[in-house]
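For reference, the structure discussed in these notes is given below.
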Amino acid sequence: MPLLTRIRGPRDLDRLSPEQLDQLAAEIRAFLVDAVSKTGGHLGPNLGVVELTIALHRVFESPRDRVLWDTGHQSYVHKLLTGRQDFSRLKMKGGLSGYPARAESDHDVIENSHASTVLGWADGLAKANEVLGKDDHVVAVIGDGALTGGMAWEALNNIAAAKDRPLVIVVNDNERSYAPTIGGLANHLATLRTTDGYERFLAKGKDLLERTPVVGKPLYETLHGAKKGLKDFIAPQGMFEDLGLKYVGPIDGHDIEALESALQRAKRFGGPVIVHCLTEKGRGYQPALADEADRFHAVGKIHPDTGLPVSTSGLDWTSVFGEEMVELGKEREDIVAITAAMLQPVGLDKFAKAFPERVYDVGIAEQHAAVSAAGLATGGVHPVFAVYATFLNRAFDQVLMDVALHKCGVTFVLDRAGVTGTDGASHNGMWDMSILQVVPGLRIAAPRDADQVRAQLREAVAVEDAPTVVRFSKGAVGPAVEAVGRIGGMDVLREPSSAAVRPDVLLVSVGALAPMCLEVADLLDAQGISTTVVDPRWVKPVDEAMAPLAEKHRVVVTVEDNSRVGGVGSAISQALRDAGVDVPLRDFGIPPRFLDHASRGEVMTEIGLTAPDIARQVTGLVSKLDGRFEESRAAAEPVRD
């Protein structure tokens with residue numbers, strides 16, 4: 001019977017021998033390759049934290065001790081060891097989330113699929129333990145790039161200020177270029193540095209030497225410098241101790257015995273401790289190790305033996321953007337690109353290969369990326385910052401106060417905009433067109449197809465006195481949706497089929513929802529409801545031709561892949577009021593709630609953002625207008641005896 005099937009909770013690990021623990025680690029890796037190859041998911045990072053997760057759950061008593069993961073995509077092994085071994089519907093509706101999820105288990109404390117937050121959480125939890133007199137432990141596992149985020153260092157600054165507040169920070173260092181400075185001497189020094197007696201010795205020695213006339217202080221400084229130099233030679237991450245944090249490591253992150261020893265020392269210390277673990281992303285799976293790009297960081301469905309995709313999808317939005325960036329780079333030497341640790345996922349890898357000196361990876365630091373972009377623009381170049389739509393939320397103040405206030409020509413390209421589905425609540429790009437509406441001067445483009453991605457990206461980078469945004473969806477891009485006309489800056493996608501003096505519906509289609517909106521128009525036409533479909537292309541500011549066009553229709557309907565609250569529909573409604581156009585408006589979009597993980601289609605159906613749902617509601621709205629018209633006409637007719 002496999003060992004993994006006998007693990008129903010962390011305490012089941014306690015009775016395993018060292019040999020059995022190694023066997024369990026091998027079984028977990030085999031399980032991950034088999035399971036994730038069928039569903040897709042974050043494979044490489046989890047293959048790298050198998051032994052580390054086992055050691056954490058043997059040393060600490062989750063859920064009483066809080067074990068936090070940053071980023072949360074490293075938590076698959078944690079799920080397996082806490083009773084969740086059905087990965088058959090990973091990231092699918094009704095299945096396990098790809099991140100920690102409170103609804104799944106008491107062992108999941110925070111649902112942090114946005115990076116660099118865990119140390120702030122840990123600081124707060126440790127302070128709460130102190131206030132309430134609890135002796136529970138707080139363990140924050142941070143890695144896979146999350147330590148590059150500024151929030152992490154802000155938290156470290158606070159954590160280090162409390163010398164006697166217990167908090168264990170595990171740095172999962174899976175950087176492939178590291179030199180493994182591990183061994184007996186490093187382990188021994190780590191033991192000394194986390195021993196109370198050693199600390200008392202240092203304190204007394206400092207006090208004694210500083211009271212010694214003439215030679216005392218210089219001698220102490222010399223000895224301290226020698227210790228510091230030796231420490232940095234053995235443990236190059238000694239900068240943590242410069243912050244006032246005790247440092248243990250580097251530890252071989254695949255040696256369970258060494259990990260347990262280090263974690264036990266950190267647990268006993270009684271203050272904030274850094275445990276630095278060196279791990280190998282993709283460990284134990286040759287296709288991942290051979291992947292120079294990102295060690296199978298995230299994969300779709302693959303053949304487990306080869307690591308090759310099961311199927312290839314058509315052209316996707318990200319690739320269209322990436323190819324056009326290369327063309328722009330050839331034409332304009334002032335075009336530069338910025339990514340926040342997502343070079344390949346946002347499609348900038350080809351640009352980086354063609355123009356390596358013109359691409360900047362700032363790490364998981366979206367705020368810095370936006371401010372740096374403002375500096376680049378002020379310096380005379382045009383930066384294009386490509387980022388997931390959901391991650392731009394983190395840099396709102398910088399977009400507002402650094403880029404827009406200074407009228408900097410920066411282009412923000414938002415990938416994965418709208419409902420993304422399987423990555424769950426935090427990854428749906430459903431807020432950008434709402435939060436950016438309040439930014440003065442900023443312009444937002446929502447391309448409906450590949451041709452418009454290319455065209456509107458070019459229009460965006462031509463703007464040098466204001467920030468521009470180009471946002472598009474995740475996944476495959478459909479066929480081109482041709483315009484049949486142009487009104488102002490808006491594309492007309494469909495004209496009313498009947499020659500009505502005043503058509504019934506003006507349907508405003510935003511971005512990738514154009515095919516669905518055309519389907520809505522077909523359904524309405526079948527009900528005898530005449531419909532004009534327009535694509536604004538640039539949804540902020542509202543096109544000046546919108547109000548006069550709306551006035552020619554009986555009702556306006558907006559459809560957007562964004563929150564209904566403060567989105568494009570709200571902006572158009574306000575524009576109509578400002579223009580004195582008194583036409584009913586019905587806005588369709590994403591409701592203001594966090595959406596559970598499921599496929600995009602399932603989510604869209606759940607929230608009623610489908611052609612049949614929209615057509616049914618619009619039909620009802622037009623029927624009500626017809627009823628009111630009949631009532632008003634009857635009321636206007638003279639009463640006859």
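Within the structure, side-chain hydrogen bond (donor to acceptor under 3.5 Å, both in side chains) pairs that include any residue of residues 438-448 comprise Arg448-Asp491, Arg448-Asp535 (at least two apart or interchain). Screening residues 594-622 for salt bridge (Lys or Arg N to Asp or Glu O under 4.0 Å) gives Asp561-Arg600, Arg593-Glu606, Asp613-Arg616 as the qualifying pairs, with residues at least two apart or on separate chains.
Atom CG in Leu376 sits 11.0 Å away from atom CG in Asp334 (nearest 0.5 Å). Rounded to the nearest 0.5 Å, atoms OH (Tyr76) and OH (Tyr99) are 7.5 Å apart. Rounding to the nearest 0.5 Å places CD1 of Ile169 at 5.0 Å from CG of Leu156. Here the OG1 atom belonging to Thr605 is positioned 8.0 Å from the NZ atom belonging to Lys93, to the nearest 0.5 angstrom. Once rounded to the nearest 0.5 Å, the distance linking CG of Leu507 with OG1 of Thr531 reads 7.0 Å. Here the straight-line distance linking atom OG of Ser372 with atom CD of Gln398 works out to 12.0 Å at 0.5 Å rounding.
Judged by distance alone, with hydrogens and angles left aside, the side-chain atoms of Arg358 form no donor-acceptor pair with the main-chain N or O of Phe351 at under 3.5 Å. Between the side chain of Arg554 and the backbone N or O of Val505 there is no donor-acceptor pair closer than 3.5 Å. Trp538 contributes no side-chain N or O that, together with a main-chain N or O of Ala446, makes up a donor-acceptor pair within less than 3.5 Å. Judged by distance alone, the side chain of Glu560 and the main-chain N or O of Ser509 form no donor-acceptor pair under 3.5 Å. When atom types are taken as modelled, the side chain of Asp316 and the backbone of Gly475 share no donor-acceptor pair closer than 3.5 angstrom. Remark: the backbone N or O of Gly421 is paired with a side-chain donor or acceptor of Asn428 at under 3.5 angstrom. Checked by atom type and distance alone, the side chain of Asp449 pairs as donor or acceptor with a backbone atom of Val481 at under 3.5 Å. A donor-acceptor pair under 3.5 Å is absent between the side-chain atoms of Asp402 and the main chain of Ala374, judged by distance alone. Using modelled atom types, no side-chain atom of Asp465 and backbone atom of Lys407 make a donor-acceptor pair closer than 3.5 Å. Using a distance-only test at 3.5 Å, with no hydrogens or angles considered, no donor-acceptor pair links the side chain of Lys281 to the main chain of Val49.
A 4.5 Å side-chain heavy-atom check between Val336 and Val359 finds every atom pair outside the cut-off. Counting heavy atoms from C-beta on, the side chains of Leu392 and Leu436 come closer than 4.5 Å. Phe472 is not listed as a side-chain neighbour of Arg416, based on a closest heavy-atom distance of 4.5 Å or more. At least one side-chain heavy atom of His107 sits under 4.5 Å from a side-chain heavy atom of His78. Looking at heavy atoms from C-beta onward, Val413 lies in side-chain contact with Leu457 at the 4.5 angstrom threshold. Contact check for Gln344 versus His297: no side-chain heavy atoms found under the 4.5 Å cut-off. The side-chain heavy atoms of Met516 and Val559, taken from C-beta on, include a pair separated by under 4.5 Å. The closest side-chain heavy-atom distance from Asp108 to Asp106 is not below 4.5 Å.
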| message | Let's go through Arg102 and Glu111 carefully: what are the C-alpha distance in whole Å and the side-chain angles of both, what is the deciding distance for salt bridge (charged side-chain N to carboxylate O under 4.0 Å, His left out) to 0.1 Å, and is it a yes or a no? | response | CA-CA 7 Å; Arg102 287 177 170 180; Glu111 304 186 12; 5.0 Å; no
| request: Given side-chain contact (heavy atoms from CB on, under 4.5 Å), test Asp415 with Trp317 step by step and report yes or no. | output: CA-CA 8 Å; Asp415 201 323; Trp317 296 91; 5.7 Å; no
| message | Pair Thr422, Thr420 - check side-chain contact (heavy atoms from CB on, under 4.5 Å), show working. | response | CA-CA 6 Å; Thr422 56; Thr420 56; over 6 Å; no
| task | Run the numbers on Leu621 and Val555 for side-chain contact (heavy atoms from CB on, under 4.5 Å), then give the verdict. | result | CA-CA 8 Å; Leu621 177 58; Val555 63; 3.3 Å; yes
| task | Could you walk me through whether Val67 and Trp69 pass side-chain contact (heavy atoms from CB on, under 4.5 Å), step by step? | result | CA-CA 7 Å; Val67 181; Trp69 298 88; 3.8 Å; yes
| task | Start with the C-alpha gap between Gln74 and Asn46, add the side-chain angles, then the distance that decides, and say whether side chain to side chain donor-acceptor pair (under 3.5 Å) holds. | result | CA-CA 5 Å; Gln74 302 177 92; Asn46 287 285; over 6 Å; no
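Aromatic ring orientation, His73 versus His42: parallel (interplanar angle below 30°, classes split at 30° and 60°). Ring orientation note: the planes of Tyr388 and Phe391 are close to parallel, at an angle under 30° on the 30°/60° scale.
A salt bridge is absent between Arg454 and Glu327; no separation between the charged side-chain nitrogens and carboxylate oxygens falls under 4.0 Å. With respect to the salt-bridge test (charged N to carboxylate O, under 4.0 angstrom), the residues Glu104 and Arg84 qualify.
For His406 and Thr378, the side-chain atoms include no donor-acceptor pair closer than 3.5 Å. Residues Asn562 and Ser434 bring a donor and an acceptor atom of their side chains to less than 3.5 Å of each other. A donor atom on one side chain and an acceptor atom on the other are found under 3.5 Å apart for Thr468 and Thr411. In summary, the side chains of Arg537 and Gln452 do present a donor paired with an acceptor at a separation below 3.5 Å, with no hydrogens or angles considered. A donor-acceptor contact closer than 3.5 angstrom links the side chains of Thr390 and His114.
For the residue pair Ala575 and Val542, the shortest heavy atom distance occurs at CB-CG1, 3.9 Å. Between Leu348 and Thr339, the shortest heavy-atom contact is CD1-CB, 4.1 Å. His597 and Gly95 get closest at one heavy-atom pair: NE2-O, 2.9 Å. Of all non-hydrogen atoms in Cys408 and Ala377, the two that sit nearest each other are CB-CB, 4.0 Å. Of all heavy-atom pairs between Phe355 and Gly329, the closest is CZ-C, 3.4 Å. Taking every heavy atom of both residues into account, Arg494 and Ala521 meet most closely at CD-CB, 3.4 Å.
Atom CD of Glu464 is surrounded by more than 12 heavy atoms from other residues, nucleotides or ligands within 6.0 Å. For NZ of Lys127, the number of neighbouring non-hydrogen atoms (other residues, nucleotides, ligands) closer than 6.0 Å is greater than 12.
For the side chain to side chain contact (heavy atoms under 4.5 Å, CB included) test with Ile364, the passing option among Met342, Arg394, Met151 is Arg394; the others fail.
Both tests do not hold together for Arg89 against Phe87: distance to the six-membered ring centre under 6.0 Å, angle to the ring axis within 45°.
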